[in-house]
Chemist: 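Below you'll find the structure I mean.
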Amino acid sequence: MNNEPRRSAQDMIEHLAPVLSLRRRIRAVTALMAGVAGAVFVSTLWWSEPGPLPGRTHLAFALFTALCLAWAAYGGWLLTRRVPLFAADRVIAAWIGLAASLATTAVVTVVAVRRGTGAGLALAVGGLFVAVAVVLVVRAHLRRAALLRRMRELTGRGNP
Amino acid sequence: MTDELLVVRAQLGERGALAELLARWRMPVWTYVRRMLDADRADDVSQEIWLAVVRGLPRLREPGRFVPWLFTIARRSVTDRLRDEYAQAEETSAFGDIAGEGIAEDPAEVMVERAALVSVLSALPVLEREILVLFYLEDLPVEVCAHVCQVPAGTVKSRLNRARRLLRESLEEKGHTS
C-alpha cells in the first residue's frame, strides 16, 4: 500500500503556480474591464448614431456589443471562479476598475456631446459604473483593513 | 504560528503563508484522500483539492474555521469520485443512524484501533471508513466531523459506534485482538 504522496510539497506549489500567476490575474482584470468599457462605448456609438441606420449596421453594432459582453463575462468568470484575488489584489483591481469607469464615462460623454445627442444618458450610465467601482474600492479596503487588524490581534496574542 | 494567522496572512496575499499552510496540511489531506480512494487517484485528487482551496481561500470568511472548510472541500472531491458508493451507503444507513449514542473513550483501545485501522480500512463501507479516518486518523473533534460530513453530531457518534463494531469484526476475522 502506497503510504506516501508521490508529489512533494514543492511539486504541488509548482502545479498551483499558474493559478497564482500575476499574468493570469492581469488577463482576467483586463478582459473584464475591456469588455465592459467596450460594450458601453459601442452601445453609445450605436445609440447616438444620427439618422436611421441600415439593417447591416444594426447587426454590426449588435455583434460588437455582444463580443464585448462575452469578453466581460469571460473576465468575470475568471475572477470569480478561476483566479484567486487576495486582499491586496482586490484593492489594486478595484482601483483599476474605478480608473477604467472614469475613463469610459469621460470618453462616452465626449462622444455623446460631439454627436449632439446630449450627455445626460452617458453621464447617468457612466455614473452608475463609477458608483459601483467606488463601492468595490471601499469594500476592498475595508476587507484588507479587517484582515490586517485580525493579523495584529493574532500576532499580539502569540507574542505577549 | 496558528492556522488562523497563516490563513489571514495568505488571504492578505502573502505567498509564503500559503506555501506554509500547504506544507502543514498536505499530508493530513493526502492521508484522508488515500484512505478513501486508491493510490492511483490519491495524488490527483489531492492536487484538485488544493486547487479548490487556493481558489476559494480569499472568500473564506472565518479564517479560524479553516480546518473544517478544508476537509469539507476534500470530502466533496472524494464524494465526487465515490458517488455510487455514497448513494448506496446513505440509503442503507438511513435506519442505522440513531442520534445521541455515546462514544466509548477507552484510550488503550483507541491506540490499538489507530494502529490496526489502516490495514482494514479499505474493506469498510464508505460512511464508516470516512468517519474513522476523520475522527481517529485526522483527530478531528465530533463537531468538526459533523460539519464536514454535513450530519448532526449524534449521527457522527452513531456512525462511529457502528464503524468501531465493524472494525472490531474485521480485525477479529484477520486474527487481531482489540
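Proteins come first, then strands; the chains are lettered A, B, ... in the order of their sequence lines, and each starts at number 1. Every value quoted in this text rests on a predicted model; they were computed, and no experiment measured them.
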Chemist: Between Leu16(A) and Leu18(B), is the side-chain contact (heavy atoms from CB on, under 4.5 Å) condition met? List the steps.
Modeler: CA-CA 11 Å; Leu16(A) 294 171; Leu18(B) 189 62; over 6 Å; no
Chemist: Ala19(B) versus chain A, heavy atoms under 4.5 Å apart: side chain, backbone, both or neither?
Modeler: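 Both backbone and side chain.
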Chemist: Restricting to non-hydrogen atoms, name the atom on Arg81(A) and the atom on Arg55(B) that form the minimum distance, rounded to 0.1 Å.
Modeler: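 Shortest heavy-atom separation between Arg81(A) and Arg55(B) comes out as O-CD, 3.3 Å.
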Chemist: Test of understanding: with salt bridge (Lys or Arg N to Asp or Glu O under 4.0 Å), list the residues that count as partners of Arg27(A), not counting sequence neighbours.
Modeler: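 With sequence neighbours excluded, Arg27(A) shows a salt bridge (Lys or Arg N to Asp or Glu O under 4.0 Å) to no residue whatsoever.
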Chemist: Is the number of heavy atoms from other residues, nucleotides or ligands within 6.0 Å of CZ (Arg24(A)) greater than 12?
Modeler: yes
Chemist: Could you tell me which portion of Leu5(B) (side chain, backbone, both or neither) has an atom closer than 4.5 angstrom to a non-hydrogen atom of chain A?
Modeler: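 For Leu5(B), heavy atoms of backbone and side chain both lie under 4.5 Å from chain A.
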Chemist: If you take all heavy atoms of Arg26(B) and Pro5(A), which pair is closest and at what distance?
Modeler: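 Shortest heavy-atom contact: NH1-CG, 3.6 Å.
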Chemist: How close do Ala10(B) and Phe86(A) get, counting heavy atoms only, and between which atoms?
Modeler: O-CD2, 3.1 Å
Chemist: Could you pull out the closest heavy-atom pair between Leu12(B) and Met151(A), with the gap in Å?
Modeler: CD1-SD, 3.8 Å
Chemist: Does any backbone or side-chain atom of Arg82(A) lie under 4.5 Å from a heavy atom of chain B? Answer side chain, backbone, both or neither.
Modeler: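 Arg82(A) touches chain B through backbone and side-chain heavy atoms alike.
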Chemist: Would you indicate whether Phe61(A), at its atom CZ, is surrounded by more than 12 heavy atoms from other residues, nucleotides or ligands within a distance under 6.0 Å?
Modeler: yes
Chemist: Mark yes when over 12 heavy atoms from residues, nucleotides or ligands other than Trp46(A) sit less than 6.0 Å from its CH2; otherwise mark no.
Modeler: yes
Chemist: Where is the tightest heavy-atom contact between Pro58(B) and Arg143(A), given as atom of each residue plus distance?
Modeler: O-NH2, 3.3 Å
Chemist: Heavy-atom cut-off 4.5 Å, strictly under: side chain, backbone, both or neither for Leu60(B) against chain A?
Modeler: backbone
Chemist: Check the surroundings of atom CZ in Arg139(A): do more than 12 heavy atoms from other residues, nucleotides or ligands lie under 6.0 Å from it?
Modeler: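 It does not: Arg139(A) CZ has 12 such atoms or fewer within range.
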Chemist: Does a salt bridge link Asp40(B) with Arg6(A), judged by any charged N lying under 4.0 Å from a carboxylate O?
Modeler: yes
Chemist: Where do Arg150(A) and Val8(B) come nearest, in terms of heavy atoms and distance?
Modeler: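 For Arg150(A) versus Val8(B), the nearest heavy atoms are CG-CG2, 4.0 Å.
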Chemist: Do other residues, nucleotides or ligands put more than 12 heavy atoms under 6.0 Å from Trp71(A) CH2?
Modeler: no
